[in-house]
Engineer: 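Okay, handing you the structure first.
Quick caveat: nothing in here was measured; it's all calculated off a predicted structure. One-based numbering, in listed order, for ligands and for the atoms of each.
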Amino acid sequence: MKMNLLAGLMMTISIGVNVQAKESNALQIIPEPQKTVLSAGQFTLSGTTVVVCNPSDDSKSVGDNLVGIIQNSLGVECRISDKYAPHQSAIVLTINKNSAANPEAYQLKIEHSKILISASSAQGLFYGVQTLRQMLPVQKTGAGTCSLPCLTITDEPRFAYRGLHLDVSRHFFDKAFIFKYIDLMAMYKFNKFHWHLTDDQGWRIEVKKYPKLTSVSSVRVDCKGDTVKGFYTQQDIREVVAYAASRYVEVIPEIEMPGHAQAALAAFPALSCSGGPFKVETTWGVFNDVFCAGNDKTFDFLCDVLDEVIPLFPGKYFHIGGDECPKVRWERCVKCQARIKAESLKNEHELQGYFMRRIEKHLMEKGKKMIGWEEILEGGVSKTATVMSWTSVKGGLKAASLGNEVVMCPQKECYFDHCQGVEAEEPPSFGHGQFLPLKSVYNFDPIPAAMPADQRKFVLGGQANVWSEHIPDTRQVEYMLFPRALAMSECLWSDPGKKNFERFECKVALHTERLRSMGVVVADSWNRASTKEKWEKLQPKGL
Ligand code: TNX
């Protein structure tokens with residue numbers, strides 16, 4: 001009898017837990033945590049809950065962030081305290097400075113009367129808070145209270161580099177949107193914002209020494225006669241960088257060279273091989289007029305630009321582009337040919353190598369690590385450069401075999417300007433026939449199966465790229481980003497062994513609701529029969 005009672009009791013607990021689990025947001029975290037152990041009971045979060053942190057370390061700023069999140073969700077303002085009183089309803093934030101754990105790792109423990117979030121750094125603590133945030137009600141309730149199931153989450157990222165990119169050259173998105181972008185990134189534990197600031201169609205960053213870069217290079221009149229313009233002042237940039245830093249996001253600026261430079265050449269035609277004239281480009285593609293590699297004035301100009309831009313970005317990396325640089329002008333340029341001779345280079349590809357290495361030297365003198373698109377492998381790359389592999393994973397495989405660090409963003413899985421459903425049912429996107437549905441993103445692994453085990457350590461992580469040729473406004477950026485960014489965040493953070501697309505789809509439905517309630521546009525394309533059918537059709541048939 002006694003045994004039966006106990007068994008019955010156990011069953012009630014386990015049914016209780018299951019029912020609770022099914023209904024709870026707590027088990028629908030994106031990116032999926034490494035380990036979640038559910039236990040019986042629940043914690044009630046309310047206005048009387050105290051957020052406990054140590055005023056003498058960075059837990060205080062994370063605590064302030066948490067108070068804001070709770071206020072926003074439940075409509076109550078929790079008090080911050082530096083002392084924990086037993087039996088008080090509390091969320092205790094602790095930084096264990098002496099711990100050798102990954103600074104991005106955290107533990108989140110929900111008990112009956114308190115929640116404990118601990119990490120070895122404020123960044124880890126911040127991620128614990130982001131996880132807790134996803135457990136709060138999806139809609140702002142203003143109810144003043146909510147229940148959370150008792151559990152323990154032990155979590156850390158798979159990759160240190162978890163990037164999202166945004167092209168602000170082809171279309172310009174203002175500072176307010178960049179803040180929103182960074183907020184959304186942080187919510188899903190991305191930590192690198194690759195800001196594509198210059199290209200043929202627009203230069204978007206103020207350089208005081210060269211005011212024409214903004215007065216001329218940031219303005220174009222498109223084929224419909226509409227003016228597309230905009231740039232960030234240095235003050236704007238400082239604000240964005242500080243905002244990102246408070247959310248543990250490093251901003252990586254990109255200044256494109258030697259190709260994709262026509263906007264700059266429109267203002268400074270003397271830095272090209274032919275001397276111009278040029279206009280800020282109004283169509284899309286790859287253009288032949290690039291910076292002249294034989295003219296020392298090109299390097300003087302670029303180093304001046306870098307010298308002004310570098311101090312605005314305290315992060316480790318600086319992106320110098322390097323992609324899609326046609327060599328036709330260099331082939332016919334007296335100065336470029338003289339440079340090839342003087343430097344004993346074999347051809348124009350080696351001239352590109354010379355260009356990149358000369359710029360890298362300057363960056364290194366200023367304490368920056370150069371990162372560039374895979375074409376920087378052309379004509380010899382230095383060991384210290386980081387390579388972004390974009391046309392496929394091949395560039396990344398080659399870079400890793402040379403011992404260079406790699407960020408994987410192969411277009412087949414990481415180009416969010418590509419169509420996410422059947423083309424006729426989607427807004428205009430890049431190219432024709434490009435198809436990148438949610439499921440393909442979800443199946444992305446930054447470590448290709450073909451990569452030898454001893455080279456895998458060179459893969460820092462991955463990134464999704466949002467090129468904006470066909471993205472005229474911020475609503476469209478959000479549409480292209482979500483829900484695919486959710487899949488990318490799992491690819492970069494979570495254990496690939498635990499991937500399960502059906503489970504992920506359920507989470508996406510919940511997160512769609514949450515994001516929409518925050519005013520974010522989220523595409524439904526993944527959930528259409530036509531998208532699923534197209535995806536199935538494209539799968540290789542079994543043997
Ligand atoms: C290739 S990726 C480019 C961009 C385009 C993009 C469109 C890369 C390094 N270059 O200039 O915007 O394709 O998908």
Engineer: Can you tell whether the side chains of K361 and E365 come within less than 4.0 Å, N to carboxylate O?
Structural biologist: yes

Engineer: Go through ligand 1 atom by atom and flag the ones less than 4.0 Å from a non-hydrogen atom of W373.
Structural biologist: 9 (C)

Engineer: Could you tell me whether K209 and E308 make a salt bridge, using a distance below 4.0 angstrom between a side-chain N and a carboxylate O?
Structural biologist: no

Engineer: Can you name the atoms of ligand 1, numbered from 1 with element, that are less than 4.0 Å from a heavy atom of H260?
Structural biologist: 11 (O)

Engineer: When you measure from atom 11 (O) of ligand 1 to every protein heavy atom, which one gives the shortest distance, and what is it?
Structural biologist: R170 NH2, 3.0 Å

Engineer: For atom 5 (C) of ligand 1, which protein heavy atom lies nearest, and how many Å away is it?
Structural biologist: E469 OE2, 3.3 Å

Engineer: Give the atom numbers and elements of ligand 1 that come within less than 4.0 Å of a heavy atom of F430.
Structural biologist: 7 (C), 14 (O)

Engineer: Is Y415 touching ligand 1 with its side chain, its backbone, both, or neither, if touching means heavy atoms under 4.0 Å apart?
Structural biologist: side chain

Engineer: Would you call E425 and K534 a salt bridge, taking side-chain N to carboxylate O under 4.0 Å as the test?
Structural biologist: no

Engineer: Could a heavy atom of M388 be found less than 4.0 Å from some atom of ligand 1?
Structural biologist: no

Engineer: Establish, yes or no, whether a centroid distance under 6.0 Å links the rings of W195 and Y232.
Structural biologist: yes

Engineer: Is the shortest side-chain N to carboxylate O distance from R158 to D445 below 4.0 Å?
Structural biologist: yes

Engineer: Starting from atom 8 (C) of ligand 1, which protein heavy atom do you reach first, and at what distance in Å?
Structural biologist: D323 OD2, 3.3 Å

Engineer: Suppose we measure from atom 7 (C) of ligand 1 to each protein heavy atom; which comes out shortest, and what is that distance?
Structural biologist: D417 OD2, 3.2 Å

Engineer: Take W330 and V290 through the test side-chain contact (heavy atoms from CB on, under 4.5 Å) and record every step on the way to the result.
Structural biologist: CA-CA 9 Å; W330 291 0; V290 302; 3.4 Å; yes

Engineer: Does ligand 1 have any atom sitting under 4.0 Å from a heavy atom of E374?
Structural biologist: no

Engineer: Could you see which bit of E324 sits under 4.0 Å from ligand 1, with heavy atoms only: side chain, backbone, both or neither?
Structural biologist: side chain

Engineer: Below 4.0 angstrom, N of the basic side chain to O of the carboxylate: do E343 and R358 qualify?
Structural biologist: no

Engineer: Output yes when a side-chain donor or acceptor of E254 lies under 3.5 Å from a complementary backbone atom of H319, and no otherwise.
Structural biologist: no

